[in-house]
Every structure is written in C-alpha cells, then in structure tokens.
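Labels below follow one simple rule: chain letters A, B, ... track the order of the sequence lines, proteins then strands, and each chain is numbered from 1.
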Number of protein chains: 2
Amino acid sequence: MTSIRERNRELILRAASEEFAEKGFAATKTSDIAQRAGLPKPNVYYYFKSKERLYREVLESIIEPLLQASSPFNQPGQPAEVLRAYIRTKIRISREHACASKVFASEIMHGAPHLSPERVEQLNAQASHNIARIQGWIDEGLMAKVDPSHLLFSIWAATQTYADFDWQISSVTGKASLGDTDYEAAAETLIRMVIKGCEVQDDVTG
Amino acid sequence: MTSIRERNRELILRAASEEFAEKGFAATKTSDIAQRAGLPKPNVYYYFKSKERLYREVLESIIEPLLQASSPFNQPGQPAEVLRAYIRTKIRISREHACASKVFASEIMHGAPHLSPERVEQLNAQASHNIARIQGWIDEGLMAKVDPSHLLFSIWAATQTYADFDWQISSVTGKASLGDTDYEAAAETLIRMVIKGCEVQDDVTG
DNA sequence: GTCTATATTGCGATAGAC
DNA sequence: GTCTATCGCAATATAGAC
C-alpha cells in the first residue's frame, strides 16, 4: 500500500531529477519542480526541508546503482568477461538513470560540493579496487600493458557520455532519442576498443 | 600597446572562465568574478553589458580551438596519422583550455541554451564530416567495421574527461593535478584503444 | 496533511558622483 | 572611464488558514 506521502515524495523526486538534469542545481526553481510534479510548491518544502536536501536525495539515488555497476569487478571472472559486463552495465545505467546520471556528472564537474566525504571515499575505494584488478591482469600477462587508471577513465567517460551529452548525440545523429540498437552499437564499439585495443585475452575474439 | 580597456577585459574574461567552470553559469555571482579579477563589480557590467553576454564570450572563446581540433580530418593523411593527431589535439585542448572546455561541456549538458544555431550547425557539420571520413576508411578496408559515430563519441568523451572531470581524476589518482607524463599516458592509452581496437591500418604498430 | 498568501534575502543591474 | 551606493526583482522559504 502506497500512502499519499510516499506517492507525492516519489512524484517530487522524479520531477526534481528531471529539472536538475535539464538546468542544473542553481538554475532550477522549486516552483518548476512543483509544477512538473503537479503539486503546489509548499509541498516540496513539506516533504523535503529545502531545495538542497531534495537535490542531495536525487544525488544519493544514483550512488547505489553506480557502486553496483562495479560488481563484475568484485566477482571472479576472466578479464574479458568482467570488462564486457562492466561496460554493458555502465551503459545501461546511463540509459535507465539518465537524469540522475547527469545530475551526478554535473556535481562531479563542479567539484562535488554536495557529496559527503564518506560517499567520495566509497566511490574512490571501488575505483582503486577496479584499477588494482586490471593491474593484476596485466601482471599475469592476461592483457597488454596499458595504464589501468586511464583505461578506466576512458570507460567511464565513454559510457557516461550517452547520458551527459545526449543533446549533442541527438544533435549529431539527428535522432531525437537513441533506441535499443543504438545502445547496442555503442556497447559493441566500446567493448571492441577495450578488448582488442588492450589485447585482453579472450576465448571468443582471440 | 595594450590599453587599460583591453587589459581589464582580459582580466575579467579569465576570471569569468574560472568562475563559470567552477560553479556553472547560474551559481556564479558577478561579484565573485569582479573580485577574482581584482576589479569593482560595475566594471564587469561596463565592459560586458550583462552576465549572460560575458558568459557567451567565454563560450565563444572555446569554439575556435574546438573547430581547429578537427583540422587533421580536413587534411589528407593516413587514418592512423589523422586519428593520432586528432586525439593528441583534443587532449591538448582539454589541458590548455580546461576552464572554457568545462564551461562548454556544461553548456552542452544542459541542451546548449546559450549557443547560437549557427555555431551548433558549424560544430555538427564538422562532426558529420569527420564521421563520413571514418566511414570512407572503413569502406576502403583501411580499418575494421566499427560505428564511426560511436567511435567519435568515445574519443570526444575520453579526451574531454580530463578537463570536465579533473576533480574526479585527482580524487582517484591522489594527484592534485596531472603533469606531462599523465597526459602523455592518457593519449597513449586512448590512441592504442582506437588504433588497435579498430584495426586501423598503420605502418608503425601493424 | 495540504495549500494560499506573504516574508526575506541575495543578486543582477544601474544611477550618478568623481 | 571608473567606482560607490542603491534599486528592483526573482526565488527560497514559511506562517497560518483549512
């Protein structure tokens, strides 16, 4: 059973994600969020104390999926399998959590002023773990000697870009929005660059 | 001879680039720009009519370098040469025009509301040209059949990321700022992924 | 719990002295 | 051409009726 409270909170959170993603934190008006949610403005303040706390909740909503995306790195598996799964998951997040993803990117771009040190530490720890795992593969001779950090940065950038720069991608491709086949092509292209480009040992492609 | 006028304009433009890059358009206060430039606030309005016009000038300052970056695609050359030169130039822009680059990214992320249709058209035309050139190489059998658009998006993302997400990169690597060797490693890693990953014909790496 | 009507503040922009 | 002092407005936040 979903109470009115839960329902309204959900409506506001969704509207806020969209508004913050479109215009950024500072440029977004709480009245616009309320309007998009179909509720009067004071409700926004009633459910979420302030614009900033609402923003923090939107931000928080993307962290869990983001950490989850690294799960392939936390399980046993061949390098090619792990990297493939990771890239596919990252692209899926860009697609399914496009708004929150964009809000997160904008936050990071401006030095993460609203992100708690704990969260930052958590994300960094996962990143360090992934980098170490890649370095391990290199040491075992399972892939070429590339810089693991820069490899990871490239994967982040290339997957995030489908959420962050959707406007540019639409503008260049002429498509209003990307479909299944586009995301499939995006994943294929990046996976190829990583697996072949880094000579990752792989039973499928050699 | 540089007049006071030119000098002050330059000071304000530089300060504005930094402020806009750090906080985004809406969150930036003209008083902060003035303070950073070491000038009183009304001077900002005297030289640049409004906050928005100042912002547009900052934005404009990155377009020329950005279009310039595609020059390898506008000259004859082997695929590997062109791609290598392009990637190196894009990374250099991320480094040398870090602030304006970030402002541009933020603008694009929010749907380019301040960018003139002419500029958008210009950038899209160049992008289309680059994509067509890559497709040409594929048709000639000079590289593997990858999706040229997605390849280009990946290159944009992976090179821009060093400007846009500098905070994250510092945070993960633990370095306050990247040096020559870091940018060199970044370029090497990406070039490898593109050339090897897309099986671009190349006399050097085969 | 919900919403109308209002308080408050902070910032973009300018008038006018030098 | 430059800067001090101030206006006006827009947007966050709330008091208080229902």
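More than 12 non-hydrogen atoms from other residues, nucleotides or ligands lie less than 6.0 angstrom from CD of A:Glu96.
Residues satisfying the salt bridge (charged side-chain N to carboxylate O under 4.0 Å, His left out) criterion with B:Glu81, sequence neighbours excluded, are absent altogether. When the side-chain contact (heavy atoms from CB on, under 4.5 Å) test is applied to B:Ala21, the partners found at least two apart in sequence or on another chain are B:Cys99, B:Lys102, B:Val103. Listed by chain and residue number, B:Glu19, B:Asp32 satisfy the salt bridge (charged side-chain N to carboxylate O under 4.0 Å, His left out) test with B:Lys23 (two or more places apart in sequence, or in another chain).
In the helix from C:dG1-D:dC18 to C:dC18-D:dG1, the terminal helix axes, each the rotation mapping four pairs' C1' atoms onto the next four within five end pairs, subtend 0°, rounded to 10°.
Scanning residues 23-50 of chain B for heavy-atom distances under 4.0 Å to DNA chain C yields B:Thr28, B:Lys29, B:Thr30, B:Lys41, B:Pro42, B:Tyr45, B:Ser50.
Ion pair B:Asp180/B:Arg95 flagged as a salt bridge, since at least one NZ, NE, NH1 or NH2 atom sits closer than 4.0 Å to an Asp/Glu carboxylate oxygen.
How far CD of B:Glu6 is from OG of B:Ser3: 4.0 Å, rounded to the nearest 0.5 Å.
Taking every nucleotide of DNA chain D with any atom under 4.0 Å from a non-hydrogen atom of chain A, the first and last of them, 5' to 3', are D:dA11 to D:dT14.
At least one test fails for B:Lys51 against the ring of B:Tyr45: distance under 6.0 Å to the centre or angle within 45° of the axis.
When all heavy atoms of B:Ala69 and B:Thr89 are compared, the closest pair comes out as CA-CG2, 3.7 Å. Between A:Pro65 and A:Ile93, the closest heavy-atom pair is O-CD1, 3.2 Å.
In this model, no donor atom of one side chain and acceptor atom of the other lie less than 3.5 Å apart for A:Asp202 and A:Gln78.
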